[in-house]
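Here, residue 1 is the first one in the sequence, and each next residue gets the next number.
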Amino acid sequence: MTQRKGEKPTISIQEHMAIDVCPGPIQPIKQISDYFPRYPRGLPPSAPPPAGHTGPPRSALCAPPAAAPAAAADSERPNEEPPERACAGASGSALGARRDEEPDVEGYDSDDSTTLGTLEFSLLYDQENNALHCTINKAKGLKPMDHNGLSDPYVKLHLLPGASKANKLRTKTLHNTLNPVWSETLTYYGITDEDMVRKTLRISVCDEDKFRHNEFIGETRIPLKKLKPNQLKNFNNCLEKQLPVNKTEDKSLEERGRIMISLKYNTQKSCLVVGIIRCAHLAAMDANGFSDPYVKTYLKPDENKKSKHKTAVKKKTLNPEFNEEFCYDIKYADLTKKTLEVTVWDYDIGKSNDFIGGVSLGINANGERLKHWFDCLKNKDKKIERWHTLTNELPGSLND
């Protein structure tokens with residue numbers, strides 16, 4: 001831009017803001033130098049000013065009159081950094097150039113882990129009861145997600161790998177806060193020692209919205225192998241950005257769920273008492289992401305077709321509690337020839353019920369299923385409870 005004779009030199013809005021608004025050096029934010037004029041560094045002292053530029057040099061604009069000679073001296077040493085900058089614009093320009101020289105972290109943006117907040121929680125693995133207790137205490141400095149500068153945070157838990165609907169737990173929602181205090185304990189049942197070795201607990205903090213989708217704030221993941229049985233461990237973790245879930249690993253390790261069964265042989269009544277206590281992490285069979293589960297039991301071989309028992313249907317749940325017992329009149333000596341088949345079904349109206357999973361206990365079983373049966377035979381009149389993993393194979397080719 002050329003300047004006519006007699007006109008005063010014009011000052012750009014960037015220079016005006018740098019002179020009048022910024023009284024001293026400031027720490028520039030990322031790419032703040034884009035908003036300030038940049039001048040080439042390393043020019044020879046005899047280099048002429050840029051074409052069209054008239055009026056006082058920039059040192060005269062940025063520095064007070066008394067500092068003009070010093071500024072001129074500095075301009076003769078372009079490759080040296082002066083100890084102090086009298087102009088905030090120059091400071092921002094120089095520091096911004098240094099920032100540009102540093103390699104950016106991949107995927108960097110303003111949602112750094114330091115700005116997402118921290119989460120305090122504790123974990124306890126109750127080995128005797130096969131339960132994982134997760135106490136969500138509080139969060140601090142959460143990222144604001146709403147227009148009022150606050151959030152409506154809640155915490156949800158998932159066990160990975162596994163179907164998210166089947167093992168999701170969540171806290172209540174606290175409104176208009178960036179420092180929520182929940183003090184809630186969420187419990188996973190049916191957790192085995194094998195789960196503690198290969199599973200990871202994912203803890204996510206989200207913002208609830210009434211009129212649109214809930215927003216993700218941050219998460220942290222804890223491999224369960226870090227926990228020791230029956231020892232409480234406290235955590236205070238910085239939240240991180242959402243990490244991708246390995247879908248292939250999820251699919252290969254997908255389970256149909258767990259069932260807790262109790263066995264007791266009653267010597268006074270000469271009968272086997274089978275208790276269906278609860279299920280956990282069942283596979284979702286309905287379009288709404290849930291199931292309407294019930295359990296059936298058979299004692300095979302069943303020549304008279306009278307060994308079938310069925311629990312009540314529990315609506316819209318993947319973690320039902322039944323607490324029902326069934327009695328089979330049978331001699332103790334005949335138990336070695338019998339097999340208990342337990343199946344879990346999803347109840348549907350107007351069409352065939354869906355098979356969720358099943359398990360067989362008896363002399364021909366193996367692993368925990370065989371051990372559970374033997375423990376029942378060895379300990380008469382004592383209730384033995386065990387968790388068992390459901391398989392997608394229909395025991396004994398049963399149908400509904």
Side-chain angles (χ1 to χ4, degrees), residues 130-132 158-169 188-195 198-199 247 249-263 274-300 302 307-326 338-349 351-362 364-373 384-400:
N130 296 105
L132 176 64
H158 291 98
L159 280 177
L160 303 176
S164 61
K165 279 277 187 181
N167 59 47
K168 182 181 80 170
L169 300 175
Y188 281 105
Y189 295 99
I191 302 297
T192 64
D193 291 341
E194 181 185 358
D195 294 329
R198 68 181 184 89
K199 285 189 177 288
K247 298 291 184 183
E249 182 185 10
D250 259 358
K251 204 165 186 180
S252 63
L253 294 174
E254 187 177 357
E255 299 173 352
R256 308 296 291 183
R258 307 284 175 83
I259 185 169
M260 190 178 194
I261 302 172
S262 68
L263 297 177
V274 178
I276 305 300
I277 301 173
R278 67 191 306 159
C279 294
H281 318 154
L282 294 180
M285 307 302 290
D286 296 337
N288 60 7
F290 294 96
S291 295
D292 302 317
Y294 67 94
V295 180
K296 295 195 303 181
T297 64
Y298 293 85
L299 194 61
K300 296 287 190 102
D302 182 18
S307 69
K308 175 182 173 181
H309 290 284
K310 183 162 52 173
T311 69
V313 177
K314 301 296 181 179
K315 294 288 186 179
K316 198 178 178 182
T317 178
L318 301 177
N319 300 280
E321 292 189 37
F322 298 100
N323 295 314
E324 296 187 37
E325 289 187 342
F326 308 116
K338 296 289 186 177
T339 297
L340 178 68
E341 294 179 347
V342 181
T343 54
V344 184
W345 300 81
D346 170 53
Y347 177 76
D348 287 318
I349 300 176
K351 60 179 181 177
S352 299
N353 297 331
D354 299 318
F355 174 71
I356 297 179
V359 62
S360 296
L361 283 71
N364 296 320
N366 51 38
E368 284 296 319
R369 296 170 293 170
L370 177 61
K371 186 175 183 300
H372 193 185
W373 192 257
I384 309 294
E385 296 179 351
R386 291 282 190 280
W387 281 97
H388 297 284
T389 300
L390 298 172
T391 65
N392 56 4
E393 297 179 359
L394 201 59
S397 299
L398 293 174
N399 54 45
D400 198 47

**Message:** The test is side chain to side chain contact (heavy atoms under 4.5 Å, CB included); show your working for Thr192 and Arg258 and say whether it passes.
**Reply:** CA-CA 10 Å; Thr192 64; Arg258 307 284 175 83; 3.8 Å; yes

**Prompt:** Does the side chain to side chain contact (heavy atoms under 4.5 Å, CB included) test come out yes or no for Asp286 and Asp348, once each step is laid out?
**Reply:** CA-CA 9 Å; Asp286 296 337; Asp348 287 318; 3.4 Å; yes

**Request:** Decide yes or no on side chain to side chain contact (heavy atoms under 4.5 Å, CB included) for Leu159 and Asp195, but give the supporting numbers first.
**Result:** CA-CA 9 Å; Leu159 280 177; Asp195 294 329; over 6 Å; no

**Request:** Please step through side chain to side chain contact (heavy atoms under 4.5 Å, CB included) for the pair Phe326 and Thr311, ending with a clear verdict.
**Result:** CA-CA 9 Å; Phe326 308 116; Thr311 69; 3.7 Å; yes

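Judged by distance alone, the side chain of Asp346 and the main-chain N or O of Asp292 form a donor-acceptor pair under 3.5 Å. Lys300 contributes no side-chain N or O that, together with a main-chain N or O of Lys338, makes up a donor-acceptor pair within less than 3.5 Å. Here the side chain of Ser291 pairs a donor or acceptor atom with the backbone of Met285 at under 3.5 angstrom.
In this structure, CZ in Arg278 is found 5.0 Å from OH in Tyr189, a value given to the nearest 0.5 Å. The distance from atom CG of Leu361 to atom NZ of Lys371, rounded to the nearest 0.5 Å, is 12.5 Å. Atom CD1 of Ile261 and atom CD1 of Ile384 lie 13.5 Å apart (nearest 0.5 Å).
Under the side chain to side chain contact (heavy atoms under 4.5 Å, CB included) test applied with Val313, the options Trp345, Tyr294, Phe322 reduce to a single match, Tyr294.
Ring planes of His388 and His372: parallel class, angle under 30° (limits at 30 and 60°). The aromatic rings of His281 and Tyr188 sit perpendicular, their planes meeting at an angle over 60°, well past the 30° parallel limit.
Tyr347 is linked by a ring pair (Phe, Tyr, Trp, His ring centres under 6.0 Å) to nothing, counting only residues two or more places apart in sequence or in another chain.
Contact of the Val295 side chain with the Pro320 side chain is not registered, since no non-hydrogen atoms from C-beta on lie closer than 4.5 Å.
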